[in-house]
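I have placed the structure first, in the form of structure tokens, so that the comments after it can refer back to it.
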Amino acid sequence: MNLSFRTNVNTDSVRATSLIGLRNGQLSDLLFTAAVWGAFLTVTVVFLWLVGDVLIRGVGALSWDFVVSPVIDSGRSGGIAPVLVSTACIVAVALAVAFPLALASAILISEFLPRTGTVSRLVIVSFDVLAGMPSIVFGLFGNALFNQLLGFGYSLLSGGLTLACMVLPFMIKANIDGLRAVPRSYREAGDALAMSRASILWHVLLPAAIPGIIAGVLLGMGRALAETAALLFTSGYVTRMPESLMDSGRTISIHVYDLAMNVAGGDQMAYASALILVVLLIIINFTVVRLGDWIQRCSLRA
Amino acid sequence: MTDRLLTWTLGAATLVVVSLIAVIAVFLLNESLDTLNRVGLGRFFSDSGWSPTMGRFNILPMIVASVLLMAGAVIVAAPLAVLTAVFLRFYAPSPVVDTGRRIIEVLAAMPSVVYGLWGLVVLVPVIAAWQQPGASLMAGILVLSLMIFPTITIVVHSGLTAMPQRYIEASLALALNRAYMVRRVVLPAIRASIAAGVTLGAARAIGETMAVMMVTGNIVAVPGDLFDPVRALTSNIALEMAYALGDHRGALYISSLLLLAVVILLVLINEFIVSNKCEY
């Protein structure tokens, strides 16, 4: 137990506050309490304003027809059926490419590399840069590589591949957290049974890490759904129903942006689409957080 | 045998992911190189304006706008985030803690177009009623600060949770009041977390495209005051990429390299802060 007192507390001023300046101390305590409550209330009010606005304006135009109809008149009427299909295709491509890469990297980092070694630190830093990179920069990269060099053009495939690069670091982090939450005793038991590392991985670690792996997939899905800027110049913004992955198509996020910025009188439909997007993201996010809590509880219990 | 195969497969996959950042940098550089050679870096800061189709490439006003937006957002969001994190850790009654966490989670998950939509339809008219034209640096700062607020709050809050309990016990033993304890004991102890949260928030702010583009008016000019419209570096790329050719396209790729450099710098600062954090 370390008993040395290493904080910056100046004992003179403590005495001044607690004995001589009692009233003064009470006043500043009160002011500070008001400040923290004020900050929280401000945030709550703005939050309700934002969510309430999307809910109230969005719910009016929302109907089953809206979900299943084609986009008519640049989105001023009709629905968003082709947009939903394009969104699903892009997200599916992104996850199908990112998932195996993310899982493999996560396994290597959490099970095979020493946790504090230089290699793992460099790897983690490169993921942090990837995670912090502006989405518009991913868009330019995707345009140069997938649209032009590989010749995919403006297509769902280009968009999905660009998003795969974007969601990788987030999926890897979730997978690492899931794997690290598996108790050491599981690995030791496997070693004691002379299992190979591959079979420990396959039969013990991966099944035990499933919550973390699902959380990673959902997190990637959320990121992909919310993305707009990276898709403007990779998947494009065609509103037709896509017939193959080589067709251009827009996601819900792009649809919201286009209606709000480029289509006069598109606000109502923009809000309806935004409402669908927000509800999807809130469901995904809550599931991820609950999975995270669950993983933490499991690792504490073991 | 299977073990060796496994390690190789995993290693190959990780190599792909790790080299991705280099691949991206190479591609951006490759697209910029021709223009850099023809136009030269100097003209991006000294030309008489930004009209790339007529061979004028000054991106300085947009750099200024991006930096002002980032700084403004951090100045608004950081105090709010630190106070909110302190509130949730030390002041909030327990049912409020859960509600508060949900609110911050939802704000963090909200896509940038939705912030942009709200800014465009709700916030800009409010600002316009006060100071024309509404779509302005101010609107951008407010929307961005709302977007980076959850990022900073989450980092600061996890710093508060990780802080050793004995600091608090010692403060209680000295009969410090709560405000004094927070200001003189708790905040100094988590200054590394605060700095880490701020750098992460700043990186998010400077890279944000959609929300900024939707609320700032997008006029290329150094703003005279908070209510002037501006165009950020990111918005410029998004607005012009669709029809940019030749050196114009090259200029946009050069802006993206600049953004990448700033974000790498911020992430490295963050890494430095986190890895050198004194162990309480």
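Scanning both residues, B:V17 and A:S105, for their nearest heavy atoms gives CG2-OG, 3.4 Å.
Of the atoms belonging to A:V51, it is side-chain heavy atoms, and not backbone ones, that fall under 4.5 Å from chain B. Of the atoms belonging to B:L120, it is side-chain heavy atoms, and not backbone ones, that fall under 4.5 Å from chain A. The part of B:L146 that comes within reach of chain A is its side chain, from C-beta onward, which places non-hydrogen atoms under 4.5 angstrom from that chain. Only the side chain of A:L277 comes within contact range of chain B, with at least one heavy atom under 4.5 Å from a heavy atom of that chain. Heavy atoms of A:Y271 lying under 4.5 Å from chain B belong to its backbone as well as its side chain. With a threshold of 4.5 angstrom between heavy atoms, A:R223 does not approach chain B through any atom at all. Proximity to chain B is absent for every atom of A:E227, based on heavy atoms less than 4.5 angstrom apart. Proximity to chain B (any heavy atom under 4.5 Å) is shown, for A:Y154, by neither the backbone nor the side chain. Residue B:T209 touches chain A through its side chain alone, counting heavy-atom pairs closer than 4.5 Å. For a residue to count as touching a neighbouring chain, one of its non-hydrogen atoms must lie under 4.5 Å from one of that chain's; by this rule A:F40 touches chain B with backbone and side chain alike. Residue contact with chain B, scored on non-hydrogen atoms closer than 4.5 Å, involves the backbone and the side chain of A:L140 alike. Residue contact with chain A, scored on non-hydrogen atoms closer than 4.5 Å, involves the backbone and the side chain of B:L117 alike. At a 4.5 Å heavy-atom cutoff, B:L257 makes no contact with chain A through either its backbone or its side chain. Heavy atoms of B:L200 lying under 4.5 Å from chain A are absent altogether. For a residue to count as touching a neighbouring chain, one of its non-hydrogen atoms must lie under 4.5 Å from one of that chain's; by this rule A:L145 touches chain B with backbone and side chain alike. Looking at A:L31, there are no atoms closer than 4.5 Å to chain B (heavy atoms on both sides), in backbone or side chain. With a 4.5 Å cut-off on non-hydrogen atoms, B:E105 touches chain A through its backbone and its side chain both. In this structure, the portions of A:I136 lying under 4.5 Å from any heavy atom of chain B include both its backbone and its side chain. Within the 4.5 angstrom heavy-atom criterion, atoms from both the backbone and the side chain of B:V23 approach chain A. For B:V18, the parts sitting under 4.5 Å from any heavy atom of chain A are the backbone and the side chain alike. Neither the backbone nor the side chain of A:L113 comes within contact range of chain B; no heavy atom of the residue lies under 4.5 Å from a heavy atom of that chain. For A:V289, the part lying under 4.5 angstrom from a heavy atom of chain B is the side chain only. Of the two parts of B:R204, neither the backbone nor the side chain holds a non-hydrogen atom closer than 4.5 Å to a non-hydrogen atom of chain A. For B:M181, no part sits under 4.5 Å from any heavy atom of chain A, backbone or side chain. For A:Y257, the parts sitting under 4.5 Å from any heavy atom of chain B are the backbone and the side chain alike.
Listed options A:V256, A:L232, A:I107, A:D53 were ranked by heavy-atom pairs under 4.5 angstrom with chain B; first place goes to A:D53. Between chain A and the residues B:L88, B:T234, B:L83, B:V262, the largest count of heavy-atom pairs under 4.5 Å involves B:L83. For the set B:S255, B:A242, B:G116, the entry with the most heavy-atom pairs within less than 4.5 Å of chain A is B:A242. For the set A:L30, A:L101, A:V288, A:L122, the entry with the most heavy-atom pairs within less than 4.5 Å of chain B is A:L101. For the set B:I104, B:V121, B:T9, B:L28, the entry with the most heavy-atom pairs within less than 4.5 Å of chain A is B:V121. Ranked by heavy-atom pairs under 4.5 Å with chain A, the first of B:L20, B:I264, B:L260 is B:L20. The candidate with the highest count of non-hydrogen atom pairs below 4.5 Å against chain B, out of A:A144, A:A260, A:A131, is A:A144. In terms of heavy-atom pairs under 4.5 Å with chain B, the best-connected choice from A:Q148, A:R57, A:E111, A:R121 is A:Q148. Taking chain B as the reference chain and counting heavy-atom pairs below 4.5 Å, the highest number among A:C165, A:A39, A:A35 is found for A:A39. Ranking A:L201, A:N143, A:L149 against chain B, the residue ahead of the rest is A:N143, based on heavy-atom pairs under 4.5 Å. Among the candidates B:M110, B:R183, B:R102, B:E31, the residue making the largest number of heavy-atom pairs closer than 4.5 Å to chain A is B:R102. Counting heavy-atom pairs closer than 4.5 Å to chain A, the top-ranked of the candidates B:A25, B:S256, B:A12 is B:S256.
Remark: side-chain polar atoms of A:D128 are not paired, donor with acceptor, to backbone N or O of B:V267 under 3.5 angstrom. B:S112 places no side-chain N or O within 3.5 Å of a backbone atom of A:A226 that could act as its donor or acceptor partner. Judged by distance alone, with hydrogens and angles left aside, the side-chain atoms of A:R250 form no donor-acceptor pair with the main-chain N or O of A:D258 at under 3.5 Å. A donor-acceptor pair under 3.5 Å links the side-chain atoms of B:R191 to the main chain of B:P188, judged by distance alone. At least one donor-acceptor pair under 3.5 Å links the side chain of B:N218 to the backbone N or O of B:M213. No donor-acceptor pair under 3.5 Å is formed between the side chain of B:S171 and the backbone N or O of B:L176. Between the side chain of A:N147 and the backbone N or O of A:F233, at least one donor-acceptor pair lies under 3.5 Å.
Looking at A:V36 and B:F90, their side chains never come closer than 4.5 Å, going by heavy atoms from C-beta outward. At least one side-chain heavy atom of A:V43 sits less than 4.5 Å from a side-chain heavy atom of B:L107. Contact annotation: the side chain of B:Y167 never approaches that of B:V186 to less than 4.5 Å [non-hydrogen atoms, C-beta and beyond].
With rounding to the nearest 0.5 Å, the separation of CD1 in A:I172 from CZ in A:F127 is 3.5 Å. Atom CG of B:L239 is separated from atom CE of A:M261 by 6.5 Å, given to the nearest 0.5 angstrom. One distance of note links NZ of A:K173 with CD1 of A:I109; it measures 11.5 Å at 0.5 Å rounding. Put simply, OG on A:S28 and CG on B:N177 are 5.5 Å apart, with the number rounded to the nearest 0.5 Å. Between the OG1 atom of A:T251 and the CG atom of A:L231 there is a distance of 5.0 Å, given to the nearest 0.5 Å. For the atom pair A:S196 OG and B:D3 CG, the distance stands at 4.5 Å (nearest 0.5 Å).
Figure legend: B:R178 and A:F32 shown without cation-pi pairing, the cationic atom not lying both under 6.0 angstrom from the six-membered ring centre and within 45 degrees of its axis.
For B:N30 and B:Y253, the side-chain atoms include no donor-acceptor pair closer than 3.5 Å.
Other residues, nucleotides and ligands contribute only 12 or fewer heavy atoms inside 6.0 Å of the OH atom of A:Y237.
Between B:W118 and A:W49, the ring-plane angle classifies as perpendicular under the 30° and 60° cut-offs.
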